[in-house]
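Both counts, for ligands and for their atoms, begin at 1 and track the order of listing.
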Amino acid sequence: MASMSTERATGARTGEQFLDGLRAGGREIWLRGEKIANPLDHPDLHDAALSMARVFDVQHEHAGEMLVPSPADPSLPINVTHVVPRTPEDLVRRRRAIEIVAALSGGTMGRTPDYLNVTFACFAGRADVWARRGNEQGAANLVAYQEYMRDHDLSTTHALMNPQVDRRQAEADQAMGKVALHKVDETDGAIVVRGARMLATLAPFADELLVYPGSDIRPQDGRYALAFAIPIATPGLKFICRDSYSRARDPYDYPLSSRFDEMDAVVIFDDVEIPKERVFLDGDTDGYSEVITDTGWRGHIMHQAFTRAWTKLNFALGLGHMIANATGVVRFDHIQEKLGQVWNMVELSRSALVAAEAGAQVDEGGVCCPDERPFVALRGEMPKWLPRANEYLQLIGGGGYMATPSRADLDGPLREDIDLYFQSAGADAERRIRLFRLAWDFVGSELGGRGELYERFYLSDSWRMTALAYTIADKTLPEALVEQFLED
Ligand SMILES: Cc1cc2nc3c(=O)[nH]c(=O)nc-3n(C[C@H](O)[C@H](O)[C@H](O)COP(=O)(O)OP(=O)(O)OC[C@H]3O[C@@H](n4cnc5c(N)ncnc54)[C@H](O)[C@@H]3O)c2cc1C
């Protein structure tokens, strides 16, 4: 087990330093029956690892916007997404850094490390919430861990949901309490945990696994109320991946799948020892809810998530616009209307981000929190908008997505036929095919389908979130407007 005290902090890592971390091995990643210790050694994981390395390199290429001195050691530059925001300017700067990373994949990689950097910065900023009901040590552990994660520039994955055994029952009652992650033992130096969680996106490319609350639990289910962090290469920790959508594909044929399959995995804890200095919450079922509701997490994570989603919507708009111009269908007003709807989504997302930053307030813990109202509204809509943008892309491109020979065909004896018969008004055959293949990888390939599912569910579902929006909404003005007509 990696120790927090003995490893030298590097500050913001380069891509090569990140890859060195993967090469250290010791992981138990399972993919189609194969055990993989180092993702770089496997053809289905190799290219996504290189894309992740770009995420680390880009912070050095944009150092002026993305790096600041570490509060612990000013000689160490750290990524700004690790910074606990204290002013609205901190939020604006953080958004820019998130945008730069999201742009690398057209917003298709949702779980780049900035996602959890933002989460843990907000948790550490509100350590007082974690410390409630005598959990001062857990809160101190969390603050120390966030500093470690920040100064070592870790790549992290997280798994919040228990498996779908029977959603009618409480987690502790499902499968006789054996499946959901729970504590089974405790020694002087560690707690021992067993069970499973889903879905650890990025697991093959992460240094550490973070576990924190994903739903409320009952007062009697204290052994399920856990939050901690451990290295991926911890004994007893196993990750079972879905199929790879990368499969070492040619980047011409599958420009997104070949590079940006961030992978999803179920994680199994086979009596895993969690050192006590890595435990942030153990048994406090009230705290299990409060560390989500009272730390401002919702506003912070949606700041990251909707910056990335805004980038993805821009990418979708670019694809639709360029396809429509390539084939000339842009002249039809219903095509323009569909493109206009995607643009509306882009602009409303940008407006929500700007409004959330403009309305930001410093909370009682001294953390600057985005105004969460525009985000709560967007939280209900974004899981519908991105699938709708995909639908519009299909309607704009029509059968063109199937008129897409591969690079092998372009390099083969039919090249002249392809140049003639696959041309379009706005692009020669090669460019047209390339554009359609890119858009199909966005909406219709296995990775495209996974991307749509991701947008529907990665922050819970749209229906429950919209119901929550209504529940927590301030109804003072709506009621007053009606009430004036009900009075004498
Ligand atoms: C591609 C992808 C990547 C993901 N990555 C991560 C990750 O990195 N880390 C992580 O922790 N999680 C991740 N998730 C998991 C995500 O958090 C969950 O999918 C999400 O919270 C929904 O939970 P579920 O999948 O268990 O679905 P379920 O909760 O089983 O829901 C299935 C259906 O039942 C409905 N339903 C379930 N319970 C209720 C209820 N109480 N009331 C009303 N309706 C209900 C839902 O609305 C939905 O329609 C990922 C999911 C996807 C699809």
Side-chain angles (χ1 to χ4, degrees), residues 29 48 52 105 107-120 123 155-171 173-175 179-181 195-218 224 226-229 232 239-246 256-257 260-269 288-289 291-292 297-298 301-302 304-305 308-309 312 379-380 382-384 386-387 390 445-471:
I29 309 281
M52 278 293 295
S105 67
T108 60
M109 286 179 96
R111 297 296 205 218
T112 44
D114 46 311
Y115 184 91
L116 288 163
N117 296 350
V118 166
T119 292
F120 268 63
F123 286 164
S155 170
T156 49
T157 179
H158 68 299
L160 308 186
M161 309 306 295
N162 288 304
Q164 294 168 305
V165 176
D166 184 351
R167 292 280 188 253
R168 290 169 303 183
Q169 298 187 40
E171 285 159 355
D173 295 339
Q174 298 177 21
V179 173
L181 174 69
R197 282 247 175 144
M198 59 183 257
L199 273 169
T201 300
L202 210 73
F205 316 110
D207 304 299
E208 301 237 346
L209 168 70
L210 310 182
V211 168
Y212 56 91
S215 55
D216 298 336
I217 53 179
R218 301 179 305 186
Y224 295 82
L226 299 168
F228 56 81
I232 297 287
F239 295 86
I240 303 183
C241 299
R242 60 160 163 77
D243 285 3
S244 165
Y245 304 145
S246 168
L256 303 177
S257 304
F260 303 126
D261 183 0
E262 58 189 350
M263 188 48 82
D264 309 293
V266 170
V267 51
I268 296 175
F269 301 80
Y288 201 71
S289 300
V291 297
I292 296 300
W297 174 78
R298 215 165 31 210
I301 203 54
M302 289 194 279
Q304 189 280 347
R308 197 262 325 156
K312 192 169 180 181
R379 179 63 197 91
M382 194 63 85
K384 299 176 195 146
L386 280 157
N390 283 358
S445 68
E446 288 170 302
L447 188 80
R450 181 266 177 198
E452 188 167 311
L453 190 73
Y454 180 82
E455 302 302 345
R456 291 186 197 277
F457 283 114
Y458 75 97
L459 273 180
S460 182
D461 65 60
S462 161
W463 311 280
R464 275 180 287 178
M465 290 301 107
T466 307
L468 175 73
Y470 162 71
T471 312

What protein heavy atom is closest to [atom], reported as residue, atom name and distance in Å?
{"atom": "atom 26 (O) of ligand 1", "value": "Arg167 NH2, 2.5 Å"}
{"atom": "atom 44 (N) of ligand 1", "value": "Arg464 NE, 3.9 Å"}
{"atom": "atom 5 (N) of ligand 1", "value": "Thr201 OG1, 2.7 Å"}
{"atom": "atom 19 (O) of ligand 1", "value": "Phe457 CB, 3.8 Å"}
{"atom": "atom 23 (O) of ligand 1", "value": "Met161 CE, 4.1 Å"}

inquiry  = Tell me the closest heavy-atom pair linking Ser289 and Asp216, and the distance in Å.
reply    =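 Distance-wise, the nearest heavy atoms are OG-OD1, 2.8 Å.
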
request  = Provide the closest heavy-atom pair for Val211 versus Leu181 in the form atom of the first, atom of the second, distance.
outcome  =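 For Val211 and Leu181, the tightest heavy-atom pair comes out as CG1-CD2, 3.8 Å.
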
inquiry  = If you apply the rule side-chain contact (heavy atoms from CB on, under 4.5 Å), what do you find for Gln174 with Val179, and how did you get there?
reply    = CA-CA 7 Å; Gln174 298 177 21; Val179 173; 5.9 Å; no

Which of the numbered atoms in ligand 1 are under 4.0 angstrom from any heavy atom belonging to [X]?
{"X": "Trp463", "value": "47 (O), 49 (O)"}
{"X": "Asp461", "value": "46 (C), 47 (O)"}
{"X": "Ala159", "value": "11 (O)"}
{"X": "Ser460", "value": "21 (O)"}

message = Among residues at least two apart in sequence or on other chains, which ones pass side chain to side chain contact (heavy atoms under 4.5 Å, CB included) with Met161?
response =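 Only Met198 meet the side chain to side chain contact (heavy atoms under 4.5 Å, CB included) criterion with Met161.
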
Between [X] and ligand 1, is there a nitrogen or oxygen pair with a distance under 3.5 Å?
{"X": "Tyr454", "answer": "no"}
{"X": "Leu199", "answer": "yes"}
{"X": "Gln164", "answer": "yes"}
{"X": "Leu160", "answer": "yes"}
{"X": "Asn162", "answer": "no"}

request  = Return yes if some donor-acceptor pair links the side-chain N/O of Ser462 with the main-chain N/O of Gly380 below 3.5 Å, else return no.
outcome  = yes

message = Is the contact between Arg456 and ligand 1 made by the side chain, the backbone, both, or neither, using heavy atoms and a 4.0 Å cut-off?
response = neither

inquiry  = For His158, which part has a heavy atom under 4.0 Å from ligand 1: side chain, backbone, both, or neither?
reply    = both

ask   = Is there a protein heavy atom at a distance of less than 4.0 Å from atom 9 (N) of ligand 1?
value = yes

message = My question is simple, although I want it checked carefully: is atom 13 (C) of ligand 1 less than 4.0 angstrom from any protein heavy atom?
response =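 Yes, there is one.
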
Salt-bridge criterion met for Asp243 and Arg450 (N-O under 4.0 Å) =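 Between Arg450 and Asp243 there is no salt bridge, as every charged N stays at least 4.0 Å from the carboxylate O atoms.
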
request  = Fit a plane to each ring of Tyr212 and His158, take the angle between them on a 0 to 90° scale, and name the class: parallel (under 30°), tilted (30 to 60°) or perpendicular (over 60°).
outcome  = parallel

request  = Mind telling me whether Tyr454 and Tyr458 have parallel, tilted or perpendicular rings, with 30° and 60° as the class edges?
outcome  = parallel

ask   = Should we say atom CZ of Arg167 is surrounded by more than 12 heavy atoms from elsewhere, each under 6.0 Å from it?
value = yes

query = Under the side-chain contact (heavy atoms from CB on, under 4.5 Å) criterion, do Glu208 and Leu116 qualify, and how do the steps go?
reply = CA-CA 11 Å; Glu208 301 237 346; Leu116 288 163; over 6 Å; no

request  = Consider only side-chain N and O atoms of Asp264 and Thr201, and report whether a donor and an acceptor are under 3.5 Å apart.
outcome  = yes

key: Step-by-step side-chain contact (heavy atoms from CB on, under 4.5 Å) determination, Phe269 to Leu209   = CA-CA 11 Å; Phe269 301 80; Leu209 168 70; 3.6 Å; yes

ask   = Are any of the heavy atoms in Gly214 under 4.0 Å away from ligand 1?
value = no

request  = Consider ligand 1: state whether an atom of it lies below 4.0 angstrom from any non-hydrogen atom of Met198.
outcome  =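 Within the 4.0 Å threshold, so yes.
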
